[in-house]
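Structure, as structure tokens:
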Amino acid sequence: MTTLVWLQRELRLQHHPALETALSSAAQNDDAVIVAYFHDPKHTVGDANSAWLADSLLDLKQRLANQSGALWLIEGDFAERFQTLLDTYSIKRVHYTFQLGAPFKTLQQTALTICKERNVTLTPFETENWLPYETVRNQSGQPYKVFTPFYNALMQRIGDVEPFDETPLDFRVTARIDCPPEHDRLPQHLSALRNQPWAEKILKHWQVGEVQAWQKVDDFVENRLSHYAHDRDFPALAATSELSPHLHFGELHSRAVLLSLSPLNPDTPTAAAGWIRQLAWREFARAILWHFPDTETTPFQPKFQGFFTPLSEQDEAHQDFYQAWCRGETGVPMIDAGMKQLWETGWMHNRVRMLVASWLTKNADIDWRAGEHWFRHTLVDADPANNVMGWQWVAGCGVDAAPYYRLFNPIRQSEKFDADGRYLRQWLPTLANWRSKRIHAPWISGAQPDLWSETPEPIVDLEASRQRHLEKVQALKQRRLQD
Ligand SMILES: Cc1cc2nc3c(=O)[nH]c(=O)nc-3n(C[C@H](O)[C@H](O)[C@H](O)COP(=O)(O)OP(=O)(O)OC[C@H]3O[C@@H](n4cnc5c(N)ncnc54)[C@H](O)[C@@H]3O)c2cc1C
């Protein structure tokens, strides 16, 4: 009998229950195992994300080959290719790791239908979390909707986090089916995307793959973890782990990362506790999307239905604001620096993500879904759970949301978290020579007029737009009182 291990976002060899279980049962019965990634260009997360995917698949393919295994890369319409593979190789069992959100939801549903029709056993492995989603609930049995109680509950149960079987995988023990040449190369769509100059530019900032990811964990723990709690909000310091894309692609299993940190007791004032808390936000985002799948596209708080006008229905001025924001040309240095960092590297510092999202949704009054869409296409770590939660949180309509009447002031934030302007100078060539403290708001400066004249004016007046936003939320409040 042949078992298919269908990979989606678990591109690793270690800590992989779906793969380990398939191999050990194949070894006992002299069965074959096919490990495959299906690439359907109609069902991808986003472009920058796909560029990373290309390198991650090639890395995994090489590592599997080194261990006498093979990664089949199958391109085309998912339903058609999946059925053909099952039928051609008389596959009777499929193992996969459950993934949340688009496009995985659709693919998993399709696989379920196809397997049912053929009497093939489709086994989901729900292991991408510290603890199963269903087991972390409040005393009334409801899912948590606020982070801190969720985090406290998670920490109380941290001893239940299951360790992994660390036995190395052995592909030599299974019956062999050779990978056909057409599945032995990177899918054309990914290859074409990966060869674009922008993909090259982004990926030169990263070392993609499982081994490289673990090296990065070690480097972070050794050199940056002890300063993390203090430095993590300062974008110029590169004080965070930058592991988000590795976690998104499952090059690292989040549970393995957690277990590698010791001691795990959050009451112990260790440097690790602050980082574990941040990792727990990822757990929270995933739990929210699991329990409330509609929030991928609709506000978590129902009172915000209709609060945001879809971008396509907004006037030209708003379309222009959006385009300027995407290009990093809003005239507010901290916002533009963040958007340039995103464009150049496929990643943005968390504090700056919050600021650019606040400017877009509150100052420019643009639907959070438009911002989420741009992030989805430009972030290498674009992740259905984290991205949606981040956007809804900032927009004020999400779970555990920042109060909707509170707006970040990007100038004050810039002065506080980039006091010497290092981050601004790094990403904005027009400010590269500014030494003045007024770098955070050059248009107010008046000093250095020669330099100032080269910097753009803000396209949205921060104070006036703040007032407009507050009036809009006040009107929402009034409407609710009247209802
Ligand atoms: C508007 C907005 C959009 C975002 N979109 C994404 C996204 O698409 N993908 C993504 O992985 N993160 C997203 N985040 C969360 C966060 O910004 C990134 O996870 C973080 O910047 C990644 O950097 P790091 O790996 O150095 O994080 P570290 O500070 O080193 O944290 C370690 C890990 O914890 C997790 N984590 C940290 N902060 C958060 C958070 N606030 N929410 C959820 N998980 C968190 C990440 O997996 C991260 O890699 C978004 C945040 C905002 C405000």
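One-based numbering, in listed order, for ligands and for the atoms of each. Small disclaimer: the values here were computed from a predicted structure and weren't measured.
- The contact set between ligand 1 and Leu247, taken as ligand atoms under 4.0 Å from a residue heavy atom, comprises 47 (O), 49 (O).
- In this structure, atom 53 (C) of ligand 1 lies nearest to the protein heavy atom Met354 CG, 3.7 Å.
- Residue His349 places no N or O, backbone or side chain, under 3.5 Å from any N or O of ligand 1.
- For the residue pair Gln392 / Gln301, no side-chain donor-acceptor distance below 3.5 Å is found, with atom types taken as modelled.
- For atom 8 (O) of ligand 1, the nearest non-hydrogen atom from the set Val380, Asp383, Leu360, Leu243 belongs to Asp383.
- Cation-pi contact between Arg286 and Tyr133: absent, since separation from the ring centre below 6.0 Å together with deviation from the ring axis within 45° is not met.
- Side chains of Arg255 and His15: a donor-acceptor N/O pair is absent below 3.5 angstrom, by distance only.
- Regarding atom 19 (O) of ligand 1, its nearest protein heavy-atom neighbour is Ser244 CB, 4.1 Å.
- For atom 13 (C) of ligand 1, the nearest non-hydrogen atom of the protein is Arg353 NH1, 3.3 Å.
- Distances from atom 3 (C) of ligand 1 to the heavy atoms of Val394, Leu355, Val388, Asn387 show the closest one on Asn387.
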Evaluate Val356 against Leu360 for side-chain contact (heavy atoms from CB on, under 4.5 Å), listing each step before the verdict. CA-CA 6 Å; Val356 302; Leu360 189 78; over 6 Å; no

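- Between Lys472 and Asp365 there is a salt bridge, since a side-chain N of the basic residue sits under 4.0 Å from a carboxylate O of the acidic one.
- Considering only non-hydrogen protein atoms, atom 7 (C) of ligand 1 sits nearest to Asp381 OD1, 3.5 Å.
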Please walk me through it: do Glu415 and Lys437 pass salt bridge (charged side-chain N to carboxylate O under 4.0 Å, His left out)? CA-CA 8 Å; Glu415 288 166 348; Lys437 285 236 169 262; over 6 Å; no

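- Under 4.0 Å from ligand 1, not a single heavy atom of Trp393 appears.
- Contacts of Trp275 with ligand 1, taken as heavy-atom pairs under 4.0 Å, involve the side chain alone.
- Atoms of ligand 1 lying under 4.0 Å from at least one heavy atom of Ala382, given by number and element, are 8 (O).
- Remark: the Glu251 side chain and the Ser56 side chain contain an N/O donor-acceptor pair separated by less than 3.5 Å.
- Among Leu279, Asn350, Leu379, the residue whose heavy atom lies closest to atom 17 (O) of ligand 1 is Asn350.
- Arg353 forms a cation-pi arrangement with Trp347, by the criterion of a distance under 6.0 Å to the ring centre and an angle within 45° of the ring axis.
- For atom 52 (C) of ligand 1, the choice among Ser358, Ser241, Gly390 with the nearest heavy atom turns out to be Gly390.
- Counted by atom type alone, Glu10 and Gln99 present one or more donor-acceptor pairs between their side chains at under 3.5 Å.
- Checked by atom type, the side-chain pair Gln8/Thr97 shows no donor-acceptor distance below 3.5 Å.
- Checked for salt-bridge contact, Asp219 and Arg224 meet the test: a charged N lies under 4.0 Å from a carboxylate O.
- Nearest protein heavy-atom neighbour of atom 29 (O) of ligand 1: Tyr228 OH, 2.5 Å.
- Comparing Asn386, Val356, Val257, Asn49 by heavy-atom distance to atom 46 (C) of ligand 1, the nearest is Asn386.
- For ligand 1, the atoms closer than 4.0 angstrom to any heavy atom of Trp281 are 39 (C), 40 (C), 42 (N), 43 (C), 44 (N), 45 (C).
- For the 3.5 Å distance criterion, the side chains of Gln341 and Tyr423 qualify, holding a donor opposite an acceptor.
- Closest to atom 35 (C) of ligand 1, if we only count protein heavy atoms, is Gln278 O, 3.7 Å.
- Near Trp347, meaning under 4.0 Å from any of its heavy atoms, are these atoms of ligand 1: 22 (C), 23 (O), 26 (O).
- Considering each of His246, Glu242, Glu372, Arg224, the one bringing a non-hydrogen atom nearest atom 24 (P) of ligand 1 is Glu242.
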